[in-house]
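Right, I'll just put the structure down here and ask away after.
Keep in mind it's a predicted model, so treat the numbers as computed, not measured. So that the names make sense, note that chain A is the first sequence line, chain B the second, and so on, each numbered from 1.
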Amino acid sequence: MDDFTAQIYSQVHQIPQGKVSTYGDIAKFAGFPGYARQVGKLLGKLPEGSSLPWHRVINAKGEISLTGNDLERQRSKLIAEGIEVSDVGRIRLGRYRWDGL
DNA sequence: ACTATGACAGTTG
DNA sequence: GCAACTGCCATAG
């Protein structure tokens, strides 16, 4: 587990329930500005039963970057936390965005 | 070494 | 608000 992975993991883990953050911000807060794509790749490799709240991470447009069935899974998890997700997977960042601690 | 690809992002018209 | 373009960086073939 390299330093990058460790930092990203801890950062994602801090996103409070009912809030969301973006790939770019996570990378930035973790100390790796510009590594948004690497964050996405990392989350994609996560095991199913991971304790990491990966579903609280979305893209800068405020939408879920997954497709098909995966998108549905993430949406249900978010809705379960009280976050409003439109039928196309869009979320109001102005309302649910997490700006760090 | 080179190219293509991806759970991305910022700027511009 | 949206589409096109450009910049970004690790991985895979």
query: How is Y35(A) classified with respect to the nucleic acid when contacts are heavy atoms under 4.0 Å: base, sugar-phosphate, or nothing?
result: sugar-phosphate
key: Sugar-phosphate, base or nothing in reach of T22(A), heavy atoms under 4.0 Å   = sugar-phosphate
ask   = Any side-chain donor-acceptor pair under 3.5 Å between Y23(A) and Q38(A)?
value = no
Between NZ of K45(A) and C1' of dA12(C) the distance, given in whole Å, is 12 Å
I91(A) CD1 to dA7(B) P, in whole Å, measures 18 Å
Of the candidates dA9(B), dA7(B), dG7(C), the side chain of R37(A) sits closest to dG7(C)
The nucleotide from dA7(B), dG10(B), dG6(B) with an atom nearest the side chain of A60(A) is dG10(B)
Worksheet item: Are any side-chain N or O atoms of R56(A) and backbone N or O atoms of I15(A), one a donor and one an acceptor, separated by less than 3.5 Å?
Response: yes
Rounded to whole Å, CD1 of I15(A) lies from P of dA7(B) at a distance of 18 Å
5'-most contact on DNA chain C (nearest-nucleotide basis), R90(A) vs Q38(A), goes to R90(A)
Notebook entry, point to check: When you measure from the side chain of S76(A) to the backbone N and O of R73(A), does any donor-acceptor pair fall under 3.5 Å?
Noted result: yes
Between NZ of K41(A) and C1' of dT11(C) the distance, given in whole Å, is 5 Å
Between CG of D3(A) and C1' of dA10(C) the distance, given in whole Å, is 16 Å
For V39(A) and A27(A), the nearest pair of non-hydrogen atoms, with its separation, is CG2-CB, 3.9 Å
Rounded to whole Å, NZ of K61(A) lies from P of dA7(B) at a distance of 13 Å
note: Y9(A), atom OH; dA7(B), atom C1'; distance rounded to Å ~ 14 Å
inquiry  = Closer than 3.5 angstrom, by distance alone: can the side chain of E63(A) be matched with the main-chain N or O of G89(A) as a donor-acceptor pair?
reply    = no
Between CG of L52(A) and P of dA7(B) the distance, given in whole Å, is 18 Å
- Counting any heavy atom closer than 4.0 Å, what does G24(A) reach on the DNA or RNA strands: base, sugar-phosphate only, or nothing? sugar-phosphate
Next on the checklist: In whole Å, measure the gap between the P atoms of dA7(B) and dT6(C) for me.
Outcome noted: 22 Å
